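What follows is a short report on a single structure.
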Amino acid sequence: MTLRILIHEVRELVSSALTSAGYPLTEFDVSEPPQQAFGDLSCNVAFLLSKHLKKPPPKIAMELAEALRQRIRGSSYILSMDPAGGYINFKANYARLSPAILSHVLSNPENYGYPNFGQDMHIIIEHTSINPNKALHVGHMRNVIIGDTLYRVMRATNHRTTVLNYIDDSGVQIADIVVGFKFAGFPVTPPTKNQKFDQYCGDEVYVKINEIYEKDPQVAEKRKLVLKEIEEGKSEIARFAMDITLRVLQEQLKTCWRMKAHYDLLNFETHIVGSKLWSKAFELLKSNGIAKYETEGKNKGCWVIESKEKKEEEDKVLVRSDGTATYIAKDIPYAAWKLGLVEDPFYYQEYTKQWDGSTLYATSLADVSGSNKSVDKKFNGGEQVITIIDSRQSRLQGIISQVLSKIGVNGNSHKYFHLSYEAVTLSSDTAKEFGIDIGDRQFMHMSGRKGIYVNADYVLDALHAKAYKEAKTRNPDFSDQQLNKIADEISISAIRYNMIKQDLDKIITFDIKESLSLEGDTGPYLQYAYARSQRILEKSEQGIIIAGRTNFAFEQLTHDSEIALIKEISKLDLVVENAVKSLCLKSLAHYAYNLAMTFNLFYEKVPVLREQDNEVRMARLGLVKAFGITLKNTLEVLGITALDRM
RNA sequence: GGGCCCAUAGUUCAGCUUGGAUAGAAUGGCUGCCUGCGGAGCAGUUGGUCGAGGGUUCGAGUCCCUCUGGGCCCA
């Protein structure tokens, strides 16, 4: 039993009342009214009918109420119904509802709130995909956290998930680092002790080589040479570049794993290039008449995609007249591979074990025998492909979707979906820490080239230090190991919640001071509510065993804050469903916050352990336990660990 | 020149997909609440011409149009 069933019941009642009162069946909404005083659910059908019936809504509501009143029987979960204004408000019968909801939660602790509508559908999610020449900064964190949360909620709703991380190992950015090492004298080992290799490459080599380019065009020339060698893939420089790529990648993955991100496959760009995927995809485009050869005009000698719909739009060049492919031509075959539109050219080998015990695979072009044996595994051919990239790529991604919709992706434009999000920028105060005064402006964009960004590890470390200190004052008897574990979980929770609670279309103005807050609308607030609930259960179990029991005298829970908590608990599956269907991940965060807040109110108002009446006390313990299950399952999809102590 | 996104309290944001009852949080400021199930909490108070104008509607923060300001992409 969840709120969903109650809503369904109200809908059925209203529908049949419409018929018997002589009104036409029409679409209407059943939702929660803005205030508890109006009831538990509210129906707006009278407003909608008044439009074409030219009758005032309150009058229609009154008439419908008559028909409804006869239908509400004693066996129903609905206690009463009242027309108010034009609304029809319903009050739930919690004496029946509460036992049904709470015993359902208690008997499904593992998967309560996770509706099974995925039905094993294969969803491919790509996220992270950071150039392997630098460490993650806060902007990358947003990408990782959006992607991993999506993966978690898809997995929880029984989708078959494959998470890809695209490694651009043949781009200019990696070439810049190689130039730094080979032609500008940077030592390959970081001169500062214990410096992470990704930070060294990004914070120092990359920033300084860009300064050198400005002054010395001869060094800038070397970049072209290095790029060419990497593309050809055989030389000593190419091998060196791959070595650097893998070392940076390893450090990047450590940071991602620190945030509890999970991946299934690393897709190396050099493998995509070397696999001849492009020529297969190109043939597909030609045979479908999508790619056209221009014989005149400014694109003479190029292969282009014509845009017929809008005349103002430029035709997109795929292959230049000199035979080189554009960046669009790189992305189309990869996208076609994801959807399974071209034959899979890759071998797969085990790359490494991850933090969660799962195996991370990598693409390969050869069937390698020996220790790195290829595995027979299918990573592509998703029924839906979701790519998480920032909004600057919207145009390119739009073109790719458009092209794919013409080949094989029959009519279903949602099969290839670009999940776009806005940038993370620096607040005025945080910009000042880089010695930059941005005047009246609200934010400033980060710049990798100029070294103006906040590293992910720096934020995690700062959060960790703060959480550690706080935890130690509250738990002076805890060991260093215990405190570190707690501080890990709190720091992850703070950053993950911070990055997911905001709308994807909004620029995040990152402020280092504000991001360190552990109070109010934050991840640790959620964990705190959970820890409080677990402490109550822990203390109670010295005298009373409630483990394994699912039925209590829940009908005796009648206090406002008890009812409010039960109602909030009953909504999780609706929230999860909405999060998946509208790809609205922030709604999970908002729900978690509301649930925790509702519990905190209950905690203030209603005593549990001090309750004298044995039955009521037991019922409250059952409620506390059900709350813990619900919050824990919500936090799980957010990638936040529910802590018993903090 | 063309396309996409954003604008709500001092600040950071919910609410807009699907129009509806008194526009909500957090944070900051001020004030209370720990011999009590953990104060990373709770309560109160302060703070809003929902960027501007027009339109649709019985009803617009929400839908449509124009404009302004900011951001991004393409040329």
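Here is how names work: the chains are called A, B, and so on, in the same order as the sequence lines, proteins then strands, and each is numbered from 1. This is a predicted model, so every value here is computed, not measured.
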Between [M] and [N], how far apart are the [atom1] atoms? Round to whole Å, please.
| N | M | atom1 | value |
| --- | --- | --- | --- |
| B:rC72 | B:rC30 | C1' | 41 Å |
| B:rC13 | B:rG54 | P | 29 Å |
| B:rG15 | B:rG51 | P | 15 Å |
| B:rG39 | B:rG32 | C1' | 13 Å |
| B:rC5 | B:rG47 | P | 36 Å |
| B:rU68 | B:rA21 | P | 33 Å |
| B:rU62 | B:rU18 | C1' | 10 Å |
| B:rU27 | B:rG44 | P | 14 Å |

*Find the runs of at least 3 consecutive base pairs, i with j, i+1 with j-1 and so on, that include RNA chain B, using Watson-Crick or G-U wobble geometry with both distances under 3.5 Å.*
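Runs of three or more consecutive pairs: B:1-7 with B:68-74, B:10-13 with B:24-27, B:28-33 with B:41-46, B:51-55 with B:63-67.
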
For atom [atom1] of [X], is the number of surrounding heavy atoms from other residues, nucleotides or ligands below 6.0 Å larger than 12?
| X | atom1 | value |
| --- | --- | --- |
| A:Phe28 | CZ | yes |
| A:Lys466 | NZ | yes |
| A:His8 | NE2 | no |

Among [range], which ones have heavy-atom contacts with RNA chain B below 4.0 Å?
| range | answer |
| --- | --- |
| residues 462-477 of chain A | A:Glu470, A:Ala471, A:Arg474 |
| residues 491-502 of chain A | A:Gln502 |
| residues 510-526 of chain A | A:Leu518, A:Glu519, A:Gly520, A:Asp521, A:Tyr525 |

*Report yes or no: does A:Arg142 contribute a side-chain atom to a donor-acceptor pair with the main-chain N or O of A:Glu422 at less than 3.5 Å?*
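Indeed, once roles are kept as given, a pair shorter than 3.5 Å links the two residues.
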
_Looking at A:Asn143 and A:Ile388, would you say the former's side chain and the latter's main chain have a donor-acceptor pair under 3.5 Å?_
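Judged by distance alone, yes, a pair lies under 3.5 Å.
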
*Among pairs that include at least one residue of residues 27-38 of chain A, which meet side-chain hydrogen bond (donor to acceptor under 3.5 Å, both in side chains), considering only residues two or more places apart or in two chains?*
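Only A:Glu32-A:Lys567, A:Glu32-A:Lys571, A:Gln36-A:Asp40 qualify under side-chain hydrogen bond (donor to acceptor under 3.5 Å, both in side chains).
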
Side-chain donor-acceptor pairs under 3.5 Å in residues 442-449 of chain A, sequence neighbours left out?
| residue | atom | partner | partner atom | Å |
| --- | --- | --- | --- | --- |
| A:Ser447 | OG | A:Lys450 | N | 3.0 |
| A:Arg449 | NH1 | A:Asn210 | OD1 | 3.0 |

State plainly whether the residues [X] and [Y] are in salt-bridge range, i.e. N to O under 4.0 Å.
| X | Y | answer |
| --- | --- | --- |
| A:Arg474 | A:Glu470 | yes |
| A:Arg620 | A:Glu562 | yes |
| A:Arg392 | A:Asp390 | yes |

Got a list of side-chain donor-acceptor pairs under 3.5 Å for residues 593-601 of chain A, not counting sequence neighbours?
| residue | atom | partner | partner atom | Å |
| --- | --- | --- | --- | --- |
| A:Asn594 | ND2 | A:His590 | O | 3.4 |
| A:Thr598 | OG1 | A:Asn594 | O | 2.6 |
| A:Asn600 | OD1 | A:Arg532 | NH1 | 2.7 |
| A:Asn600 | ND2 | A:Tyr525 | OH | 3.1 |

Can you tell me if [X] and [Y] form a side-chain donor-acceptor pair at under 3.5 Å?
| X | Y | value |
| --- | --- | --- |
| A:Gln384 | A:Tyr416 | no |
| A:Glu63 | A:Tyr23 | yes |
| A:Thr430 | A:Ser427 | yes |
| A:Glu615 | A:Gln556 | yes |
| A:Ser129 | A:Glu126 | yes |

Which is true for [X] with a 4.0 Å heavy-atom rule: it touches a base, it touches only sugar-phosphate, or it touches nothing?
| X | result |
| --- | --- |
| A:Asp505 | sugar-phosphate |
| A:Leu601 | sugar-phosphate |
| A:Ser420 | nothing |
| A:Asp390 | nothing |
| A:Pro56 | nothing |

*If you take all heavy atoms of A:Asn475 and A:Leu483, which pair is closest and at what distance?*
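Closest heavy-atom pair between A:Asn475 and A:Leu483: O-CD2, 4.3 Å.
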
*Are A:Asn600 and B:rG41 close enough that a side-chain N or O sits under 4.0 Å from OP1 or OP2?*
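No, outside the criterion.
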
*Give a yes/no on whether any side-chain N or O of A:Gln442 is located under 4.0 angstrom from OP1 or OP2 of B:rU11.*
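For A:Gln442, the contact criterion (side-chain N or O under 4.0 Å from OP1 or OP2 of B:rU11) is not met.
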
Nucleotide N/O to protein N/O under 3.5 Å, stretch nucleotides 68-71 of chain B:
| residue | atom | partner | partner atom | Å |
| --- | --- | --- | --- | --- |
| B:rG71 | O3' | A:His445 | NE2 | 3.0 |
| B:rG71 | O2' | A:His445 | NE2 | 3.3 |

Taking only N/O atoms, report every protein-nucleotides 16-18 of chain B pair under 3.5 Å with atom names and distance.
none

*Would you indicate whether the side-chain heavy atoms of A:Cys302 and A:Val317 approach each other to under 4.5 Å?*
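They are in side-chain contact.
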
*B:rA14 C1' sits how many Å from A:Asn594 CG, rounded?*
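Value for this atom pair: 10 Å.
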
*Over how many whole Å does the gap from A:Tyr528 atom OH to B:rC42 atom C1' extend?*
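The distance from OH of A:Tyr528 to C1' of B:rC42 comes to 10 Å, rounded to the nearest Å.
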
*Residues in side-chain contact (heavy atoms from CB on, under 4.5 Å) with A:Leu574, at least two apart?*
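A:Leu574: side-chain contact (heavy atoms from CB on, under 4.5 Å) contacts with A:Leu3, A:Arg4, A:Ile7.
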
_Apply the syn/anti split at 90° from 0 to B:rC34 and say which one it is._
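You should classify B:rC34 as syn.
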
_side chain to side chain contact (heavy atoms under 4.5 Å, CB included) for A:Glu9 and A:Ile78? Distances and angles first, verdict last._
CA-CA 9 Å; A:Glu9 187 180 334; A:Ile78 297 158; 3.7 Å; yes

*Would you kindly check whether a donor in the side chain of A:Asn89 faces an acceptor in the base of B:rA21, or vice versa, at under 3.5 angstrom?*
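Side chain to base: pair present.
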
Taking only N/O atoms, report every protein-nucleotides 32-37 of chain B pair under 3.5 Å with atom names and distance.
| residue | atom | partner | partner atom | Å |
| --- | --- | --- | --- | --- |
| B:rC37 | O3' | A:Lys539 | NZ | 3.4 |
| B:rC37 | O2' | A:Tyr603 | OH | 2.9 |
| B:rC37 | O2 | A:Leu609 | N | 3.2 |
| B:rC37 | N3 | A:Val608 | N | 3.0 |
| B:rC37 | N4 | A:Tyr603 | O | 2.8 |
| B:rC37 | N4 | A:Val606 | O | 2.3 |
| B:rC37 | N4 | A:Pro607 | N | 3.4 |

*Is there any salt bridge (charged side-chain N to carboxylate O under 4.0 Å, His left out) pair reaching into residues 635-646 of chain A, and which pairs are they, with sequence neighbours excluded?*
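Salt bridge (charged side-chain N to carboxylate O under 4.0 Å, His left out) check on residues 635-646 of chain A returns A:Arg152-A:Glu636, A:Arg155-A:Glu636.
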
*Row check, A:Phe117 ring normal vs A:Lys581 NZ/CZ: under 6.0 Å, within 45°*: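 Yes, a cation-pi geometry holds between A:Lys581 and A:Phe117.
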
*Single hit among A:Leu79, A:Leu68, A:Asp82 for side-chain contact (heavy atoms from CB on, under 4.5 Å) with A:Phe90*: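 Output: one option passes, namely A:Leu68.
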
*Can you figure out which of B:rU12, B:rC58, B:rG2 approaches the side chain of A:Ser50 most closely?*
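Closest nucleotide among those given: B:rC58.
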
